[in-house]
Amino acid sequence: MADPISALSGASYDGFASIREIGPLGMITLRAKPDAAGLAAAISAATGCAVPAARRVVINGDRAAGWMSPDEYLLVLPYDQVAAALAAIAGALAGAHHLAADVSDARAVFRVEGDKATQVLAKLMPVDFATLEPGELRRSRAAQVAAAVWAQDGGFTLVCFRSVAGYVMGLLTHSAMPGSELHA
Amino acid sequence: MSTRLAKGGRLIDRTKTQGFSFNGKRMTGFAGDTLAAALLANDQMLVGRSFKYHRPRGIVASGAEEPNALVNLGSGSRLEPNQRTTTTELFAGLEAASQNHWPSLEFDVGVANNYVARFLPAGFYYKTFIHPRAAWKHVFEPIIRQSAGLGKAPKDRDADRYEQAYAFCDLLVVGGGIAGLQAALVAGRSGARVILLEQTAHWGGRAPVDGDVIDGKPAEAWVKDALQALGEMQNVTIRNRCKAAGVYDHGYVLADEKVADHTPGDGRPKHRLWRIRTGRIIAATGALERPLSFAGNDLPGVMLAGAVRDYTVNFAVSPGDRTVVVTNNDDAYRTAIALKEAGLEVPAIIDARASVTGALPAKARAMGIRVEAGRAVVKVKGGKRVTGVAIGLQAGEGAVLDEIGCDAVAMSGGWSPVVHLWSHCGGKLIWDEAQAHFRPDPKRPPTNHDGSAMVTVVGAANGALTAAAALADVAAQMGGEAKAEAVEEAAMEPVWIMPQGAGPALKMKMWLDYQNDVKVSDVQLAAREGYTSVEHTKRYTTLGMATDQGKLSNINGLAVLAQSLNEGIPQVGTTTFRPPYTPVTLGALAGEARDEIFQPLRRSPIHAWHEAQGAYMEPVGLWRRPYCYPKAGESHEQAVHREILNTRKAVGMLDASTLGKIIVKGPDAGRFLDMLYTNVMSTLPVGKCRYGLMCNEQGFLSDDGVVVRLTEDSWLCHTTSGGADRIHGWMEDWLQCEWWDWQVYTANVTEQYAQIAVAGPNARKVLEKLGGMDVSKEALPFMAFVEGHLGGLPARVHRISFSGELSYEIAVPASHGLALWQALIAAGAEFGVQPYGTEAMHVMRAEKGFIMIGDETDGTVIPQDLNLGWAISKKKADYLGKRGQERVYLARADRWKLAGFETLDGSVIPDGAYIPAAGHNPNGQRNTQGRVTSTYHSPTLGKGIAMGLIRGGLDRIGEVVEFTKMGGGTVQARVCDPVFYDKEGEKGNG
Amino acid sequence: MLILECPYCGVKAEETELSPGYEAHLKRFGPGSSDDEFNDYMFARKNPKGVHFERWRHAYGCGKWFLAARCTATLEVFGTYPAQSSEPPADLVAKIKAKRPDWSGYK
């Protein structure tokens, strides 16, 4: 089987901040209520993370668990471990009403890095980044498309839909062009 | 003449000379100049022509309110029309050209309008060009358009880039004068998050020009200290060259930052549009000086007194050697004093007030300036330039008592607060009798999301016109203790017409709106003709409708209207203040959204392959899908026909990745889908597929697609390509808002899978060649699916067909989509595989009589209209749309229903064609009895085929009807069964 | 441009992150209902100048529908609450009555 290819095959741009498309990453949409029996075990089995609190993301190395809505979680893990994780989730949540779907290929993931990474995002998202709390996962839009973003490893991780990866790369590139810094 | 003074100029750097050109003439200025200042320094007083009469016009103001001095700035890909020279910072190499003149600025043919001005009064266009109707379009409008109009629209692509940015704060202070600076200091010290904006490049506003003293320091030094203190506050952001253009609901403010207007081509974005969300807005936007209405007040050389002062003090530019000051207030005396201090002559100050006392007049008199009290300018003398003024009694009718030679006139009719930001969201105004202006009524503010006041206005914008009053106002409203030394000023006296008893001849030369050529006589005429509302008068006379939006003219105009109507000014009221404060360039509004990122283009995982093959792409929602794959020398039509014939004869491949895919899972999922679809999905066996219809609550068809039963408690719903997000939202709406106790989860997995249709008699051979899965008729019958590996890729293979052929739709994870596509192309080579596009898909489905959402449906069609009763459950007590479909008129026998049509001559019925019926409707239009919904040339059948809706539907099979054609004539077609090809469905079942 | 706080995730979302869903607290009338009932359910919408209850979806956020009470004249927002509510919460009703004594109630 050929290696899976991400939407932009790892495109990158270096402006006043650096932009990299990363992936493919394993991603699972897990829909369940916080009180579903086995939820903590399921999330832990897939990511080693605790159940994230509302609007938070728990990061564990190359894995993460994010709160997407009151009954939806985003699980991030290595691409080749999704099938095993789905099986583990099914086991842990057997008997509880839930839905777990592989969405690894439905997404594109970007890293925005550098001292001024926030400025790139501030041009695109109606989000007050000064009040973004540590470990907060913010769902909003980047210009005309949906995006989720969180701070990680001194930069930001931004997730959008795969089909608009080229558009988002264009947005990030335009916004990171040298000379367009919002402030020093 | 206007000239550069030998000394002074607080904003210019005489060591940096900057060359520029005006109408091709080379000139020089200094760094720090505005274009207006540099033009005046080069004695270029004449800068344009007025809109209607093409009268010569000079620079009037020194800021955003300038009505006359608008130019085409730059050229080619950097041409910008209607740029104010007064707010344009000079840079080396700047090119400007005057507008609204033909053939030249100095000699303008349109000025003939000036001599027939008495025949072009207010409402002239309305009155003259009404009859004959046709003449407007063919005669009047082209002539008016040729002679009117301001700047030239750029023809080239804009070479610059623009962007937008979001900002958030507790307090947004607008205006970098002393009131704004002090407000920001007070707010900053409280710890609030503060943003302070100033529209110009400079801080301090008028105070440094007026020589105010604040906290014992000269204003200039105080401003410098304030900026330093603000710069040290981490919670304060200051931004100059950034204009707050508009205030919107819930503390939303748009601000236009001119990042690189003054440094074109330096690689930075030209403008940046800020979208600011603030808790509260502090508007410290200052005040604008009003002109006085005297005859000839539009001649080049007549300027606002404050502007004359600005040019002299800020740029060391004198508008004239001899300047007469005409005023109704004390502030204008500062101009006379400043001119005198610069070594220039002030032959006289004409003061309309009968009694002139106060510190500033005393100082002027002490400097030897002649002060004429109770006097008026009766008339300004001169042609393209002021040569003198005739003066008389303000109380009189215009008898000339004296004439004074001068080359400039500095006028002041008092000051009007800039209340725009207060008013944009509904803040109300009160009339201040003492200062003769409207100012914010603090009892009626614009309100915020919590009902609190959203805007606070401080300083001159609040009617606190002097430095001392402005800072006292900040202290009263916000705290803090900065104080300016008070300079005593006597009361101003409203003067709306000068002299007050002027007759018609003079009033015809008193300009209110310079750019639009609206005069005192026009407003009075409007009043006589019954225009009593200020909003109507505005539109009838065009007062305040020019690019300056009435910044200079509105108060004077409505005062004249009030006088004409014998009403008070507050009773007449003002026109509505709407954003933006000054124009915002379209580039800034578009921001990053141009070219490749104008809108999000959605690409399938196989998109790059299609493009590499030269596919002709068509938009489907935001997706781009291959319409066809033309080969060299092939037209699109030929390509489509080839693709169809090849699919019917051998095998074709379609990228169907864009189809919506939604997983629905849970104990109540079956029950939920039975509500969503018109047919029953809960009984679908695991491993099977079923076609389903979705309707809205009115019963009209909204989407269709194949539903797959994945497991006992989960289904996969396919939607139309454009419908995935909408249908997913529709599902969530019902689950969250109506049946919230049902245990159902949905997940939109549209983009998780690439989906490829392989269709045609050789389809099975292609899949078998790839291998890994039993795709035989027995293992994978029609309307079933299997999961496994195909060609080594994890795949779900459905036996479903939209073409009528033996067809497989293969879904693989998107990141393997291209690999599968290429594997199928390779495996299919020996079987004659070719890709086909959306148009071939459309034609093939039409040959089979399959409906298409959006073609056969338009939001008024129920499934029964399309003979889809078989897909509607009669047993179900309820489904979305069932009650709607029970409405009496939807069951009427004369509804238009689906039928097929074949033309008698084999031609193709035009898209959108109607079938006329006898008679006419009440609007005089022909009655109709049907219309075409899908119409194609079928290469399979070698003739035109169509589907359409016709009254009576299939009951009329065999009848010949006529369809309209574009440009007249009709085409005859026979009503038939809409299934044109393989009626028994043997091929798809194969 | 409005800001509404999503009662599910607490984000103070701006209008561009939301999609509107028109009048709240409609009762669905399906098969068996009278023509008048169905007509009102389908087409009769309130359009008050003043207090109004609306559906909004946090479309670019957590995806949840919620309900909002606001004044259509001043755009004052009195509160937001989950869509799984058959009627406005009592404390919200009391708050609105205190601010708008003339308000006739949500029905």
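All chains are named by letter (A, B, ...) in the order of the sequence lines, taking the proteins before the strands, and each is independently numbered beginning at 1.
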Inset, instruction - Under the side chain to side chain contact (heavy atoms under 4.5 Å, CB included) rule, what do A:Ile28 and A:Val103 come out as? Steps first, then yes or no, please. - result: CA-CA 5 Å; A:Ile28 293 168; A:Val103 292; 5.7 Å; no
Legend entry - Side chain C:Ser85, main chain C:Pro88, donor-acceptor under 3.5 Å: no
Legend entry - Pairs flagged by salt bridge (charged side-chain N to carboxylate O under 4.0 Å, His left out) wherever residues 65-76 of chain C is involved - sequence neighbours left out: C:Glu54-C:Arg70, C:Glu76-C:Lys99, C:Glu76-C:Arg100
Inset, instruction - Tell me, for A:Ala54 versus chain C, whether the close heavy atoms (under 4.5 Å) come from the side chain, the backbone, both or neither. - result: neither
Distance-only donor-acceptor pairs under 3.5 Å across chain C and chain A:
| unit_1 | atom_1 | unit_2 | atom_2 | d |
| --- | --- | --- | --- | --- |
| C:Cys9 | O | A:Arg55 | NH1 | 2.8 |
| C:Gly10 | O | A:Arg55 | NH1 | 3.3 |
| C:Glu14 | OE2 | A:Arg141 | NH2 | 3.4 |
| C:Thr16 | OG1 | A:Arg141 | NE | 2.8 |
| C:Thr16 | OG1 | A:Arg141 | NH2 | 2.8 |
| C:Glu17 | OE2 | A:Arg138 | NH1 | 3.0 |
| C:Glu17 | OE2 | A:Ser140 | OG | 2.7 |
| C:Tyr60 | O | A:Ser140 | N | 3.2 |
| C:Gly61 | O | A:Arg139 | NE | 3.1 |
| C:Gly61 | O | A:Arg139 | NH1 | 3.2 |
| C:Lys64 | NZ | A:Asp71 | OD1 | 3.0 |
| C:Lys64 | NZ | A:Asp71 | OD2 | 3.3 |

Inset, instruction - Mind checking salt bridge (charged side-chain N to carboxylate O under 4.0 Å, His left out) for C:Asp35 and listing every partner two or more places apart, or none if nothing turns up? - result: B:Arg883
Legend entry - Rounded distance (nearest 0.5 Å) linking atom CG of C:Leu75 with atom CE of C:Met1: 12.5 Å
Legend entry - By ring pair (Phe, Tyr, Trp, His ring centres under 6.0 Å) - contacts of A:Phe156 (at least two apart): A:Phe129
